[in-house]
Each structure stands twice: as structure tokens, then as C-alpha cells.
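Read the numbers this way: they start at 1 and go in the same order the structure lists the ligands and their atoms.
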Amino acid sequence: MPTIPRLPSSEITPESAWLDRRRFLAAAGVAGAGLLGAGALGRLAAAPQPQRPLGTPYGLQPGDEPTSYEDVTTYNNFYEFGTSKDDPAVEAQGFRTRPWTVRVDGLCAKPGNYQLEDFLKPSRIEDRIYRMRCVEAWSMVIPWRGIPLADVVARAQPTSQAKFVELTTLLDPQRMPGQRYDVLDWPYVEGLRLDEAKHPLTLLATGVYGRDLPPQNGAPLRLVIPWKYGFKGVKSIVRIRFVERMPRTTWAAAIPSEYGFYANVNPQVDHPRWSQATERRIGNFRRIPTLPFNGYADQVASMYAGMDLRRNY
Ligand code: MTE
């Protein structure tokens, strides 16, 4: 993964502020934003505006604002659709996500193949705003929509032998052109310890900004774990398997000296090629300090009590 991400070319205002600004301009009888200078726009954007509800905020810090919908959906990592940040939004257009089957299997009492709708139906869909930190030292604040992975675990009834959950992306080089190249060992696989999978913050996301996920963000189903680096968030999941041993996960297997299984956000453990002490917030160009467990330490640190987090990166 590249050391220095490119600056986004996109709109730098959160979508909520943008909608409110358009509403304000309409109310003020202004035909188009182009009529106003940047200074006037800046003043309008800074005025207190009602926010439409995007979801329940979890662990947000002072100054955290939702990243614009445009940045969330055009600045992506999804190597199945290309290795540049702007590839997935283009190359994943038209990716078919229905019908979609999710297989739940491995060490559990209730394995099964589910159509996506049946898989989701028993769960309550929630909207939650999380801070997200990529291993490449940039970050976003994203209003996700999804179900707790804990629900799926409870329904599957893992046996006492099950210690980990392995989640796998679709393998289909016809539909995922990046899989025709050997950049990674396909399909993309990620994993969690069972207690991490059952943690109430761990989501299986189906949407973003109150809409279905666009393909570039991992439609129709992807993992979201806010205290870990973004690469744990495996996209377009077709299989959830309960296993006894730590799964062989894609990035940890590709470059074990740089990417570990745990991948907990840790400002004190640098990546071998760059510091993890700070991050660049996409959209506003600010560099901010990175927080232990990405700001979720109170909720998750106890799961790692007694572990050497320098070795278990
Ligand atoms: N899942 C698959 N299948 N393929 C990928 O290349 N990239 C990961 C993760 N999930 C990736 C993936 C990385 S490195 C990041 S940072 C996040 O997806 C990015 O998610 P986003 O594009 O929705 O922000």
C-alpha cells in the first residue's frame, strides 16, 4: 500500500453541510453557489445549520465531522477493482450484488446458506457514526448502516471449539477484474477472534449515509471494526466460517512484517515504513493525533489485557 495517499480531488464539505448550504441558498433566493465568492461560501458553511440525522455517534472526538459522501465513495481501497484510490468508484460500477448468497459454516451448530435478504431479516438494522483509521495514516468519520456481527454469531451457535471467525470476499475474476492480477492472494480473507466478532461495536455493514452500500464500499455486505486498521474491514463477504485456529488473513500473509492479525490502531507502534502517531483526516486536510484503539479504548482495551501489543500488532 502506498505511503503517501493522494489528496482528494473531491468536494471538501461534509454532505450534511452541503445539503444544508444548498437549502440555505435556495431559501435566500440564490440561484447557484458560483455567484458567491469563496469567502461568502465559507461564512455560510460555518453558520450553525441543522444536521439531518445520520445515526448514533459512537466514540466521536471534538472536531470529528462526518466525511463527505463523495469522499467516502470515491477515495477507496478495494484491490478487486484496482489499486488506485479512485479506481473502485469507476471499475465497480454495475457490479451485481443480487442475488447474493452468504454461507455460514465451520464449527457451529446452525450452518447454512442464506440469500442476503433472509440473512439480514432477523436483525435490527442500525445507523451508527464511527471514526475509521486506515493503516496508510489517513482517516474518515463514516455514518454506517448495518447489523451487529454478534447477531450472526448468536444465530449460528458456534461450538466450544470455535475460537476465531474467518470472513471471505467473493472470488469471481469475471466480475472483479482486479482478481485477474496477482497483487494479492485471492480471495481476500480477514478474521477476528470470537470475542472481537461478538463485540457490540463490530458491524456487518449494508449501507452508508442511510443508503445501500455502493459497490466500491463493499456492497452488499462488509465488515466494519472501528478500533482496527481499515484493512480488517473485508468487503463483499460471501462466507463467514467459525474455526479453531487463527485464520490466514490476506495482508498478514502477504507482508507479515508490516501487517498483523490484530491490527489494532496503535499510535505507539509505527509501521516499518511510516509513523502511526498522527493521521490526515480526509476532506479537511487536518493532521490530528492518532488515538489508542482509534478512540475506542474504553470499550475494547480489556479484550487485550495481558497481551504484548507491540508483538501482537
Ligand atoms: N476488502 C477487500 N475485499 N479488498 C480490499 O482491497 N481493502 C481494505 C478494506 N477491505 C480491501 C477490503 C482496506 S486497505 C481499507 S482501508 C478498507 O477496505 C477501505 O474501505 P472503504 O473504501 O469503504 O473506505
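- The ligand atoms of ligand 1 that sit less than 4.0 angstrom from a heavy atom of G233 are 9 (C), 10 (N), 12 (C), 18 (O).
- If you look at Y188 next to ligand 1, the close heavy atoms, those under 4.0 Å, all belong to the side chain.
- When only interatomic distances are considered, the shortest N/O to N/O separation between K235 and ligand 1 falls below 3.5 Å.
- The closest side-chain donor-acceptor pair between W100 and Y114, if any, does not fall under 3.5 angstrom.
- In this model, no donor atom of one side chain and acceptor atom of the other lie less than 3.5 Å apart for T101 and N113.
- Considering backbone and side-chain N/O atoms, N217 comes within less than 3.5 Å of an N/O atom of ligand 1.
- Cation-pi geometry between R248 and F261 is not met at under 6.0 angstrom from the ring centre and within 45 degrees of the axis.
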Donor-acceptor pairs are to be reported for all side-chain atoms of residues 265-272 against protein atoms at under 3.5 Å, with residues two or more places apart or in another chain.
unit_1	atom_1	unit_2	atom_2	d
N266	OD1	Q268	N	3.0
D270	OD1	Q276	N	3.0
H271	ND1	R273	N	3.0
H271	NE2	E258	OE1	3.2
H271	NE2	Y259	OH	3.4

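- Close approach to T169 involves these atoms of ligand 1, each under 4.0 Å from a residue heavy atom: 3 (N).
- At under 3.5 Å, not a single nitrogen or oxygen of W138, backbone or side chain, sits near a nitrogen or oxygen of ligand 1.
- Between V208 and P214, the shortest heavy-atom distance links the atoms CG1-CD, 3.8 Å.
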Taking distance alone, no hydrogens or angles, what donor-acceptor pairs closer than 3.5 Å link side-chain atoms of residues 291-302 to residues at least two apart or in another chain?
unit_1	atom_1	unit_2	atom_2	d
N294	ND2	R131	O	3.1
N294	ND2	P226	O	2.8
Y296	OH	Y58	O	2.8
Y296	OH	R131	N	2.9

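- Residue contacts with ligand 1: Q216 is placed with no nitrogen or oxygen under 3.5 Å of a nitrogen or oxygen of the ligand (distance criterion only).
- Of the options K232, E80, R222, the smallest heavy-atom separation from atom 20 (O) of ligand 1 is shown by R222.
- Both the backbone and the side chain of N76 come within contact range of ligand 1, each with a heavy atom under 4.0 Å.
- Looking at ligand 1, you won't find any N or O of C134 less than 3.5 Å from one of its N or O atoms.
- Remark: the Y313 side chain and the R311 side chain contain no N/O donor-acceptor pair separated by less than 3.5 Å.
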